[in-house]
Engineer: 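Can you keep this structure in mind? I'll have questions shortly.
For clarity, every value in this text was computed on a predicted model and none was experimentally measured. In what follows, chains are A, B, ... by sequence order, proteins preceding strands, each numbered from 1.
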Amino acid sequence: MIEDVRRPGQPAEIRLLDYDGSLLGAAPMGVEKARQAMRLMLLSRATDERFIKLQRMGRVGIYGPVHGQEASVIGSAMALSPARDWMVPASREHLAMHLHGLPLATLYAAYLGRIDHTAVPAGVRLLPRQQAIGAQLPHATGLAWALKLQRLPGAVMVYFGEGAASEGDFHEAANLAGVIGAPLVMVLINNQYAISTPAHRQSAAPNLAARAIGYGFPGVLVDGNDLFAVHAAATEAVERAVAGQGPTLIECRTYRMGFHNTSDNPREYRADSEVEDAAERDPIDRLRLWLTGEGAWSPQVEAEMVAQVTTEIDAAIAEVNTQARPGAEAIFNHVYAELPSRIEQQRRDTVALNEDG
Amino acid sequence: MIEDVRRPGQPAEIRLLDYDGSLLGAAPMGVEKARQAMRLMLLSRATDERFIKLQRMGRVGIYGPVHGQEASVIGSAMALSPARDWMVPASREHLAMHLHGLPLATLYAAYLGRIDHTAVPAGVRLLPRQQAIGAQLPHATGLAWALKLQRLPGAVMVYFGEGAASEGDFHEAANLAGVIGAPLVMVLINNQYAISTPAHRQSAAPNLAARAIGYGFPGVLVDGNDLFAVHAAATEAVERAVAGQGPTLIECRTYRMGFHNTSDNPREYRADSEVEDAAERDPIDRLRLWLTGEGAWSPQVEAEMVAQVTTEIDAAIAEVNTQARPGAEAIFNHVYAELPSRIEQQRRDTVALNEDG
Amino acid sequence: MSELSIIEAIRAALVEEMERDPRVMILGMDVGRLGGVFRVTKGLAARFGEQRVADTPLAEASIVGAALGLAIGGMKPVAEIQFLGFTQQAFHQIGPQLARYRFRSRGRYPAHVTIRAPYGGGVRTPEFHADAIESLFVQTPGLKIVAPAFPDDAKGLLLQAIRDPDPVLYLEPQRLYRRIRGPVPNGDHPIPFGVSRMVRQGTDLILIAWSAAVHLCLEAAEALARKGASVAVLDLRTLNPLDVDGLVAAVRDCGKALVVHEAPLTGGFGAEIVATLQEEAYGDLDAPILRVGSRDTPYPPGALEDHFLPTVARVVAAAWATLEY
Amino acid sequence: MSELSIIEAIRAALVEEMERDPRVMILGMDVGRLGGVFRVTKGLAARFGEQRVADTPLAEASIVGAALGLAIGGMKPVAEIQFLGFTQQAFHQIGPQLARYRFRSRGRYPAHVTIRAPYGGGVRTPEFHADAIESLFVQTPGLKIVAPAFPDDAKGLLLQAIRDPDPVLYLEPQRLYRRIRGPVPNGDHPIPFGVSRMVRQGTDLILIAWSAAVHLCLEAAEALARKGASVAVLDLRTLNPLDVDGLVAAVRDCGKALVVHEAPLTGGFGAEIVATLQEEAYGDLDAPILRVGSRDTPYPPGALEDHFLPTVARVVAAAWATLEY
Ligand SMILES: Cc1ncc(C[n+]2csc(CCOP(=O)(O)OP(=O)(O)O)c2C)c(N)n1
Ligand SMILES: Cc1ncc(C[n+]2csc(CCOP(=O)(O)OP(=O)(O)O)c2C)c(N)n1
Ligand SMILES: [Mg+2]
Ligand SMILES: [Mg+2]
């Protein structure tokens, strides 16, 4: 009577670009767009390298690299229209945020302690990074609900990890989105780890895309290291959302190549061989092979592009370095629209203490 | 690329006993056991009637009737071995609790204000009713985990409504149970309403049994007004749990015939015709038809049984009436193993005030 | 001027504000067709449509979290949590998210959200339904906390809450919902936050309270008056912002004060009032400021709540002890 | 006697108690193979097996809720919440469930659970990771709260917590984890709850604190001593039960007191201490009891935390104001 429902109804993992760079289906973008994606992926990786270095130098507190997940992050973000759609990040989607309109300098300012230069600029439809795992999910549902209520065009894309998918917030946000028919695209980046916890200890489900069924909307499982598969799924999901067809859950199966963050040492909990295996499915390598096959890539092009993104990073960091470090009073800014008198007094005391010191 | 996953993988609603009392499959119990179930269902309905009356008389604060859900409640509970298995109720499973070993007088004591006579007796593997919707679910997972860790035989059966299935607690408890492979049977009593909110506003999912797939264990959907279907599914789920095969989710589709509780008036939010329709699928009527067909029932048998359960209720209430009402100090009992001095002082003050007054 | 119950006053504020501003909407469990378990929003779904008065699934964290998202998206949501006790299910979305979103986004996204929740004892509710847990929110910078005790304040403070650009937790005294009626000025009279209200004058002692406990204090003051003591009652009305100046001025006049609240004694907001007054008005105090609260136990079943909650007798006793100090 | 860091002391207590009692187990995120994000449980999974030192999914409410179920099922779980800030995700399972289960079940099911959580500032953590939200739990009858500041207390109080039949929230000062070492008696020396510890003697003023703030007070007392003031420091060690007698006695001796905590000022546990002392020792007080806490703002990014947190300078300034009162 009780059947093992683990088998039927399982979405298969969709792949469009194979490990060797060959196409398994229609490419969802042309060469130009793919080169642009490549640039963002290289910029992402270079940002990782730079910030790990800055952290080692003591200039940055903690940094969590994106290494390995670039196709998931960028393939999804490229499906959005920044002037129309909203993005709700978790914390490891730097280049998606940048692509959506956040200047690199604004992104970096947060890591470099320039709190008053971290605000998302007016007009950029982007929420701040979220440090409470999963907490952004109901915000995204509410935001998508607001679009629907006001009959505004657009979709909301929200990012989260397979760890976040265990939180009650995921469930409540997804279920509410289903009930509302909210224009929401839930991008679950399954990088196989939540700090040290492997995905198979995070859930016994064969895949997490299948959870969508329990909320009444479609779920799709894609190879998260395949830019094309991610982008095709995200594009279709955004179209569905904008067309009023409701939410979609996209599980991107990828792999966190680096440490969880700069305080972490993954050798304490996973074998090098596992990481080496995963390296063979590197999202950048795969796209490089395809672009090369299309005659649109060469080591020289790549070297130029790497030089370019390095310059970009240098410039952004230089810009941040010109920004004044926040004064003591910064902790009182934006707590309320207007400070209640008791806290205004604390503000004055704090500033005074600081001037004394 | 994105398929409507709402269709494939859907468990069909299982029914063994049709509306007219005819069998659609093998009966999971014999006539004797079915009569016993019938007795419990009648006792459940008579308890409803009595407590609604007592509430109207001002002797009871609030009462939430079980009317309509008897097959779900009793069919599932009958699958447990009280000496081996645990039961974790929500709040509307009175007769399941009784069947599992809770004396009627203990059950009623809570409604009649005898707080110190409400404890589950030692040896009865039952948790108290839960007023925070869904909060019992992680407790049940933990309890099932404890059985597994200690290699104790047994299963844990936890009850909850389709409303509770929207809470984060449901998700977290189910997912953890899947990871552990806990011997847990999750009985979701979908009575179509959470106060005034209809099930289709509670979730867009076509059914909630399908959520199990997202936690890596089976889900099954049964006609919750069919004692046999509920019992067969519950029995199999308990066997799976005890055999170390992990959790099962059982969605029992039934209908809340009465008000949410004595403070509620369902006419404010649902049509009488809907309730009249549902009455045709009454779980007691259906079993009565089958038992009659088996030659094991008659109006006279029923009249005797009703008289018997009335006597039982009378006796239990009479017993409660002999219990002393709790004194002021009862609020300080069982707050801690031993009262900290500050609260001990409050206890003395309270008792003194009470003696003065 | 109309004579309204607290429920009617709250409903009037909601209706007027929804008519004035199309971005105001209501969300929560059973708020639509049913009008909420207390019928506060009765008739609003019919009037404004089920889009703007929206039933949600049974999941408090998503109600608050979605309200924040709705606000970011341009709405002014009024979220109803069925009972204050169940804000605990949404706790991580209130303090760490709603209250901090303006700060985290450096002003880009104010959290223009009101959370309404009934609370308080004396009406024999099931577990959790009466819990006076307001003090679990008083250490949440960014979150304003409002607790009216009269129909006019209920309306005026709710108008202010809905307009206030900061998130507001608006606490409704369920015990008083229909029990008291009072004059409420017609039309648009929002009441500013952070201003307490002297609801009874007196010279010997001041009783400080908010929400339903204000009425307990009025009864106690009456009883004390019969014994010859002149006792004032100050209704705080908002816990954050706290009217420190008003408190200090009141204590300066009387020299003696007593705080009364429905929450358990230890860790209740009474402690903050005492600590603040002790710091700001030490020289004016002629006696220790005692506190009368509920007992430091879980909220007991209804039949026992009278032993748990503060009573007129306990307030009178503490008042005498203070007066005789 | 061994010289241990706080981390080592906590680990020692866990190991000893797990060896003594097979029902003691650990659950939480990353506690197994990794040994927790701070490596507190390092080596324990290898020693006791991954059954007894179990990694859980990323879901705090289920960690606490399952711990309660495990306790009902006969285990003595020690649940780790990765950072105290994330107990808010589990809030509805702590106060309303864990803390009340004994009461609700009329003694049938005591909630024999310990929750361990690191907290406190000064180490430039990301948002939420430093939040000193202990006062959100002080109005939770049934829940004991422990906050050691030294290695010996860390061990002895954890031994007691694991054995205590009531649920215990055990707060670990992450700033001190490896920063201080101290003598810890070998063997089984549980420390009873509700007994504060005078960690520095003095006659002019007493500083009252717990957890990392105790060390701030010791520094401040030293600075004040250099200026000629004799300042005592009292380490509360447990917030519930609160050592009221110890507090009163200490104030009686000095006549002046100051409370220091890492939590924001308003609504912090300092308020309760002031209110209690003001009530219990009014006649012995020679000055108002001031409080030094963090600012009433959200915890700012690391680079700004020094402006937010109490500092030696602020403690010294408040102490002088009190001494000169
Ligand atoms: C609510 C909450 N619990 C715990 C943490 C600590 N923590 C930070 S990152 C992380 C793992 C997140 O895993 P996942 O969602 O898979 O995202 P990933 O780090 O892999 O991108 C944890 C547990 C947190 N930040 N928030
Ligand atoms: C956490 C929580 N939120 C809200 C409530 C108020 N409430 C009591 S019963 C109920 C509906 C429950 O619906 P369901 O889970 O379907 O169970 P049913 O009442 O149908 O048996 C609600 C919302 C509550 N008790 N607990
Ligand atoms: Mg991950
Ligand atoms: Mg229901």
Engineer: What part of A165(B) is in contact with chain C, defined as an atom under 4.5 angstrom from a non-hydrogen atom: side chain, backbone, both or neither?
Structural biologist: neither
Engineer: Just checking, any donor-acceptor pair under 3.5 angstrom between side chains of T197(B) and D30(C)?
Structural biologist: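 There is such a pair between these side chains.
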Engineer: So does Q51(C) have more than 12 non-hydrogen atoms from other groups sitting under 6.0 Å from CD?
Structural biologist: no
Engineer: Looking at chain B, which one of P126(C), A61(C), G32(C) has the largest number of heavy-atom pairs inside 4.5 Å, strictly under?
Structural biologist: P126(C)
Engineer: Out of curiosity, I195(B) CD1 to L34(C) CG, how far, rounded to the nearest 0.5 Å?
Structural biologist: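 Nearest 0.5 Å value for the CD1-CG distance: 7.5 Å.
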Engineer: Would you say R348(B) has more than 12 foreign heavy atoms packed within less than 6.0 Å of its CZ?
Structural biologist: yes
Engineer: Which atoms of D349(B) are under 4.5 Å from chain C, going by heavy atoms: the side chain, the backbone, both sets, or neither?
Structural biologist: both
Engineer: Which answer fits Q130(B), side chain, backbone, both or neither, if we ask what part of it has an atom under 4.5 Å from a heavy atom of chain C?
Structural biologist: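 The side chain, not the backbone.
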Engineer: Check whether Q131(B) reaches the backbone of F128(C) with its side chain - one donor and one acceptor, N or O, closer than 3.5 Å.
Structural biologist: no
Engineer: Per the ring pair (Phe, Tyr, Trp, His ring centres under 6.0 Å) rule, what does the pair list look like for residues 194-213 of chain B, sequence neighbours excluded?
Structural biologist: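 As it turns out, there is no ring pair (Phe, Tyr, Trp, His ring centres under 6.0 Å) pair with a partner in residues 194-213 of chain B once direct neighbours are skipped.
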Engineer: For the residue pair V335(B) and D296(C), what are the closest heavy atoms and their distance?
Structural biologist: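 Closest approach of V335(B) to D296(C): CG1-O, 4.3 Å.
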Engineer: CD/E167(B) to OG/S62(C) distance, rounded to the nearest 0.5 angstrom?
Structural biologist: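 It comes to 8.0 Å.
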Engineer: Check whether T56(C) gets within reach of chain B through its side chain, its backbone, both or neither, counting any heavy atom under 4.5 Å.
Structural biologist: backbone
Engineer: Counting neighbours of CD on E338(B) that are heavy atoms of other residues, nucleotides or ligands and sit closer than 6.0 Å, is the number greater than 12?
Structural biologist: no
Engineer: Return the minimal non-hydrogen interatomic distance between S166(B) and P57(C), and the atom names on each side.
Structural biologist: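 Distance-wise, the nearest heavy atoms are OG-CB, 3.8 Å.
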Engineer: Are there residues of residues 307-324 of chain C whose heavy atoms fall under 4.5 Å of chain B's heavy atoms? If so, which?
Structural biologist: H307(C), F308(C), R314(C)
Engineer: Judged by atom type as modelled, is there a donor-acceptor pair below 3.5 Å linking the side chain of R201(B) to the main-chain atoms of D55(C)?
Structural biologist: yes
Engineer: With a 3.5 Å cut-off and no angle check, do the side chains of S196(B) and R33(C) form a donor-acceptor pair?
Structural biologist: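 Side-chain D/A pair, S196(B) to R33(C): absent.
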Engineer: Please report the closest heavy-atom contact between L58(C) and G163(B), naming both atoms and the distance.
Structural biologist: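 For L58(C) versus G163(B), the nearest heavy atoms are CB-O, 3.5 Å.
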Engineer: Using non-hydrogen atoms and a 4.5 Å limit, figure out which bit of I62(B) sits close to chain C: side chain, backbone, both or neither.
Structural biologist: side chain
Engineer: If I measure from the heavy atoms of chain C, does I115(B) come under 4.5 Å with its side chain, its backbone, both, or neither?
Structural biologist: side chain
Engineer: At a heavy-atom distance under 4.5 Å, which candidate from E127(C), M29(C), R39(C) has the highest pair count against chain B?
Structural biologist: R39(C)
Engineer: Among residues 216-224 of chain C, which residues come closer than 4.5 Å to chain B, judged by heavy atom distances?
Structural biologist: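 So far as heavy atoms go, nothing in residues 216-224 of chain C approaches chain B to under 4.5 Å.
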Engineer: Under 4.5 Å, heavy atom to heavy atom: which of residues 79-96 of chain C reach chain B? Give them by number, or say none.
Structural biologist: Q82(C), F86(C), Q89(C)
Engineer: Relative to chain C, which of S263(B), A132(B), G327(B) shows the most heavy atom pairs under 4.5 Å?
Structural biologist: A132(B)
Engineer: Examine whether an atom of R342(B) lies under 4.5 Å from a heavy atom of chain C, and if so say whether it belongs to the side chain, the backbone or both; otherwise answer neither.
Structural biologist: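 Contact with chain C is through the side chain of R342(B) alone.
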Engineer: Which heavy atom of L353(B) sits nearest to which heavy atom of R295(C), and what is that distance?
Structural biologist: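 Here L353(B) and R295(C) meet closest at CD1-NH2, 3.9 Å.
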Engineer: Atom CG of L304(C) and atom CD1 of I331(B): how far apart are they, to the nearest 0.5 Å?
Structural biologist: 7.0 Å
